[in-house]
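Heavy atoms only: backbone and side chains are in, while hydrogens, waters and symmetry mates are out. Letters A, B, ... are given to chains in the order of the sequence lines, protein chains preceding strands, and every chain is numbered from 1.
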Amino acid sequence: MPINKSIGLLLSAEYKTNDENRSEINLYVKTSKGIEKFIDSDFLPYLYAKVTEEKKAVEELNGFEFDGAKIIKIEKEENRKELNLIKIYFSSTADLSKSREKLRELNTVIELHEFDILYPKRYLFDKGITPFNEIEVMHENNLIKSVKEIESDKAVNELKMLAFDLETYSPGRFSNAELDAILTLSIYSKKIQKVITYKKEFEKINNTIIVKDEKELIQKFIELIKEEKPEVIITYNGDSFDFPYLKTRAEKFKLKLPIGFNESEPKTKKVSLFTAEKLLGVQHLDAFQMVKFLARIAVINSSSLDLETVVEKVFGLKKEKLASEKINEIWETGKECSRLVEYNLEDSKTTFMLAERFLPLFIELGKLTKQNLFDVTRSSSSQNVEMLLMQESLKQGKLFANKPSEGEVKKRMLAPIKGGYVKEPLPGLHERIAVMDFRSLYPSIIISHNVSPETICSHKECSKNISPEGICFCEKEKGIVPNALEKVLNKRIEVKKELKKTNNAELKKILDAKQHALKILLNSTYGTLVFPRFRWYSRECGKSITAWARKYIQEVMDKAEKNGFTSLYGDTDSSFLLIPKNKNESDVKKFIETINTELPGAMELEFEGFFKRGIFVTKKEGGAAKKRYALIDFKDNMKIVGFEFVRRDWAIIAKRMQGKALELILKEGTPEKAIQLVKETINNLREGKVPKKDLIILTQLKKPINKYELVGPHIAAAKKAVEKGKKLTVGSTLGFIITRNGKSISDKAELSEFVEEGNYDKDYYIEHQIIPAVQRIIEELGYSKQDLIIGGKQKTLFSFN
DNA sequence: TAATTCGCTAGACCGA
DNA sequence: TCGGTCTAGCGAA
């Protein structure tokens, strides 16, 4: 057999146990021939042991055998800066994990390291290859002889994607895959947009493929996948719904689902707490998992993560939600079939759009963290940062930190680490406000002060670098965390520069995704360092970072005062200043310049904006409220922070009212207009004119209903709904209304779908929604609650010259 | 067992 | 019936 060379895009590295019970690596690569598999059976799983003495250890390990697991090879490790370190190889990952405990018991073994690094990840590290990059494989009949990454600035070739979505029968309950049929299946790709179904009435509807029955529906789906040969199959919640459902139904008909590489079928795989559906070669992309991650890190802010809400948030598209009862009705009566077809097709279309929208971001994140599409879209922040630090650790020849024991985790959780400093604002209405903030504060402190678990030292020479918490960080040698972050930070600055230069829309999209991925990594690093389960957790680092942060921001505020500004407010990394009449924007910028010359290299204070006016309110218990304010700039753009206006657990009517009031006060300086508006709204409420949709209060069900100690309104409403047969799951968003029926607020709470239009407690909405939303604001201007209810006094607020 | 802490507010619950 | 305390949820950074 001659040796062949293949070049292609690395989709994923997987592992397999072969016929000889050995672990082998399978690389799935997109080449000019489509997806190909290359096998490396020469790469053995291994771990490291720190031993008392190498020779003695090798002697003790000689002939080691436990439960059939044998050591294949022992080597001295030269690339890690660690004395007495040996590398122990096994023929399979199973043997490796079996042997771990036994190895620890040996006399010469002090501790084990890197015994839990997933084998395919190990392969990517050691071979220096990365998913989404191009690789060159030398192989004999697809058996890998060598593999390397090729330098190429070529963007990831367009991946061929296809989305699908199921509609299922649900007779008055959740669909049960054992009993209820798939009614329609939609497929959406650049090439085909079709709905497969098997009911006669659907024949005349556009975009349908009519088959004989459900079995043929599944067969047709498989046939289309085989024709299309997608590299990425997209679903929305396919991990827990579409794929498991499809699998169960296929089994019923004794059908296989050979839609992966080489006719392989989807396999259920545990991913942290959840299960995912994985295909070989072809990547299953569950857009719901992407959205969940983005919601967690606050890139998407959506009250609910169902497809309709997310699509509206992301694209501003209103998409109709067909209730399951309606789907059943359409199916049974055969009327309005086109609605079901459209709905089903819209589902896979918008799922496809979501994937397309966020794919560049996840691809960049995957490249940075050496994760394939399947993994990176289901990965957590701590996993991402872990992968970043592992790469840096290897570059520096340092061993990976081990994961903590459960006991250690508990200990860590008991002692939270003090966070940022929040200054109590000066309450009231203010004019001429400048806002400055530190660019990536925590990362820049980590870089500037070389904060890393392994750089904590007691060198005399490093005594200039002691944190306010009294911890000294080495100045001689760069740590893993700061080094990794410095590269990320610099790369981001570079990408942002390029972004400014280009006008090419396609390039812009990719560059923006890149800088965003880098930002995500930057922002989550501090959090993971103090995350109790993190490999590189360090309390010392965590408390030093926040202590430095508090010191720097307070210094900025002090210096501002000394320079003739008034320090108005500040939160963690930001500082708000009042600009006196004899100073202007450029004075603030000059002030920032001087601060920056005194700051260490990576740290930078930035000018955020100059605002015409802003309001800070007094709390119920007195004192000014932190984390709530509203600003308006000189172009009349409003920025509302922390107020009910931005909270999803307030009724729209109250939020809208508050937004309007803030606008009238900040923009026009006419609080009496705001008060007039409040009065009108109160009147509308009194007269029962307010539609149901404006009265809904949204909250999330955070735990199982019976686990609640306190039965608040949303739980009371949920309980009643469950009694009526409604299924509610942890994480679902509850929309409730306070009705007229009952005594306490909880008694009156009812899920909105069970409430008739017009049935609402007007006093509740006036006293507990409208008034609280505006009261604190108008009080700051000298008005009171009484002015909202009875006739108000007239006065103007600003003296416009 | 999915990155953190700080902070606000509502409403139930509990005992005087 | 009240006021204090605690649970709960969400947002800022």
Atom CD1 of A:Ile640 and atom P of C:dC10 are separated, to the nearest Å, by 20 Å
Selection from B:dG11, B:dT5, C:dG9 that lies nearest to any side-chain heavy atom of A:Tyr764: B:dG11
For a quick test of reading the model: is some side-chain N or O of A:Tyr629 closer than 4.0 Å to OP1 or OP2 of C:dA13? yes
Distance below 4.0 Å between A:Ser382 side-chain N/O and B:dA2 OP1 or OP2: no
Name the orientation class of the two ring planes belonging to A:Phe616 and A:Tyr569 (parallel below 30°, tilted from 30 to 60°, perpendicular beyond 60°). tilted
Any donor-acceptor N or O pair under 3.5 Å, side chains A:Ser380, A:Gln383: yes
Which part of the nucleic acid, if any, lies within contact of A:Ile715, taking any heavy atom under 4.0 Å across all strands shown: a base, the sugar-phosphate backbone alone, or nothing? nothing
Can you tell which of B:dG7, C:dA12, B:dT9 lies closest to the side chain of A:Asp571? C:dA12
Interatomic distance, A:Leu365 CG vs B:dA3 C1' [rounded to whole Å]: 14 Å
Is A:Phe438 touching bases, backbone alone, or none of the nucleic acid, heavy atoms closer than 4.0 Å? nothing
Scan A:Phe531 against the nucleic acid and name what it touches under 4.0 Å (heavy atoms): base, sugar-phosphate only, or nothing. sugar-phosphate
Applying a 4.0 Å non-hydrogen cut-off, can you work out what A:Glu621 is touching in the nucleic acid: base, sugar-phosphate, or nothing? sugar-phosphate
Against the side chain of A:Arg647, the closest entry in B:dA3, B:dG11, C:dC10 is C:dC10
Spacing between A:Glu709 atom CD and C:dC6 atom P, to the nearest angstrom: 12 Å
Gap between atoms CG and P, on A:Asp649 and B:dG11 respectively (whole Å): 10 Å
For A:Lys703, answer base if it contacts any base atom (sugar-phosphate contacts may also be present), sugar-phosphate if it contacts only those atoms, and nothing otherwise; contact means non-hydrogen atoms under 4.0 Å. sugar-phosphate
Can you confirm whether more than 12 heavy atoms, excluding those of A:Lys487, are under 6.0 Å from its NZ atom? yes
Among the nucleotides B:dT9, B:dC6, B:dA12, whichever has the atom closest to the side chain of A:Lys418 is B:dC6
When you check the gap from the basic side-chain N to the acidic O, do A:Arg412 and A:Glu408 get nearer than 4.0 Å? yes
Tell me whether the side-chain N/O atoms of A:Lys627 come closer than 4.0 Å to OP1 or OP2 in B:dC6. no
Using a heavy-atom cut-off of under 4.0 Å over every strand shown, decide if A:Gln383 touches base, sugar-phosphate, or nothing. nothing
Which is more 5' along DNA chain B, the nucleotide nearest A:Val530 or the one nearest A:Val422? Just name the residue. A:Val530
Once you apply a heavy-atom cut-off of 4.0 Å, does A:Ser524 come out as touching a base, just sugar-phosphate, or nothing? nothing
Can you identify which nucleotide, out of C:dA8, C:dA12, B:dG11, has its nearest atom closest to the A:His768 side chain? B:dG11
side-chain N/O A:Ser380 vs B:dA3 OP1/OP2, d < 4.0 Å: yes
What is the separation between atom CZ on A:Phe616 and atom P on B:dC8, rounded to the nearest whole Å? 13 Å
Here the distance between atom C1' of C:dA13 and atom CZ of A:Arg550, to the nearest Å, is 14 Å
Distance check, P atoms only: B:dG7 and B:dA3, in whole angstrom units. 24 Å
Would you mind reading off the distance between A:Phe274 atom CZ and B:dA2 atom P, rounded to a whole angstrom? 10 Å
Give, for atom CG of A:Asp694 and atom CD1 of A:Ile737, the distance between the pair rounded to the nearest 0.5 Å. 9.5 Å
From the options B:dA12, B:dT5, C:dC10, select the nucleotide whose nearest atom is closest to the side chain of A:Pro416. B:dT5
So if I take every side-chain heavy atom of A:Ser381 and compare against B:dA3, C:dC10, B:dA2, which nucleotide ends up nearest? B:dA3
State which of B:dA2, B:dA10, B:dA12 makes the closest approach to the side chain of A:Ser746. B:dA12
For a quick check, tell me whether the side chain of A:Arg648 and the base of C:dC10 share a donor-acceptor pair closer than 3.5 Å. no
Winner on side-chain proximity to A:Thr528, out of B:dT5, B:dA3, B:dC8, is B:dA3
Rounded to whole Å, the CG-P distance (A:Leu710 to B:dC13) equals 5 Å
Got a salt bridge between A:Arg533 and A:Glu406, using NZ or NE/NH1/NH2 to carboxylate O under 4.0 Å? yes
Within a strict 4.5 Å, meaning less than it, do heavy atoms of the A:Phe293 and A:Asn384 side chains meet? yes
